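Everything on this sheet refers to the single structure shown next.
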Amino acid sequence: MLPFLSKLNPTNGPKLTKTRIALALAIALSTDALQFSLGPLGWAFLDDIIDVITMFLTCWVLRFHWLLLPTFVLKLVPLADDLPTWTACVAAVIILRKREQREQRATPSLPPEKPPVEI
């Protein structure tokens, strides 16, 4: 794997705490509510700026996840910004991260194998 891609690996994300989850959901809900209240009437550039800010904030709180990219691109489609896609995406990322963390805790870490002794 390329070195810079290892930083984008979703399993490298921070441990999900209640604070991170609440902050991510608050960001997503407020973004969707703001974009819905602006409506589809000529606010295209403002919607795009809001989406970019939301993408950065969400990546800051939850770390990058590949699921964020289709959401970001979908919000550039006219009339799709009325859908609560940020909220749905953040909820999906949280569910996936929690599942990954549960699996990591369930998998016992094995001690490293000792190299064979050569005589």
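All figures in this text were calculated on a predicted structure; none of them were measured in a lab. Along the sequence shown, residues are numbered consecutively beginning with 1.
- Across Ile21 and Ile94, no two heavy atoms sit closer than the pair CG2-CD1, 3.8 Å.
- Here Leu29 pairs with Thr87 under the side chain to side chain contact (heavy atoms under 4.5 Å, CB included) rule; sequence neighbours left out.
- Not a single side chain to side chain donor-acceptor pair (under 3.5 Å) links Thr58 to another residue, sequence neighbours left out.
- When every heavy atom of Trp60 is checked against every heavy atom of Leu23, the shortest pair comes out as CZ3-CD2, 4.3 Å.
- The structure places CH2 of Trp86 at 8.5 Å from CD of Gln35, a figure rounded to the nearest 0.5 Å.
- Of the residues listed (Val61, Val90, Leu62), the one engaging Ile27 in a side chain to side chain contact (heavy atoms under 4.5 Å, CB included) is Val61, and it is the only one.
- When the side chain to side chain contact (heavy atoms under 4.5 Å, CB included) test is applied to Ser37, the partners found at least two apart in sequence or on another chain are Leu34.
- A pairwise comparison of heavy atoms in Gln101 and Leu16 identifies NE2-N, 2.9 Å as the closest pair.
- To the nearest 0.5 Å, the span separating CZ on Phe36 from CG on Leu83 amounts to 9.5 Å.
- The two atoms that bring Cys59 and Leu68 nearest to each other are SG-CD1, 3.7 Å, heavy atoms only.
- To the nearest 0.5 angstrom, Ile95 atom CD1 is 12.5 Å from Glu100 atom CD.
- Lys15 has its side chain out of reach of Arg20: every pair of non-hydrogen atoms, C-beta onward, lies at least 4.5 Å apart.
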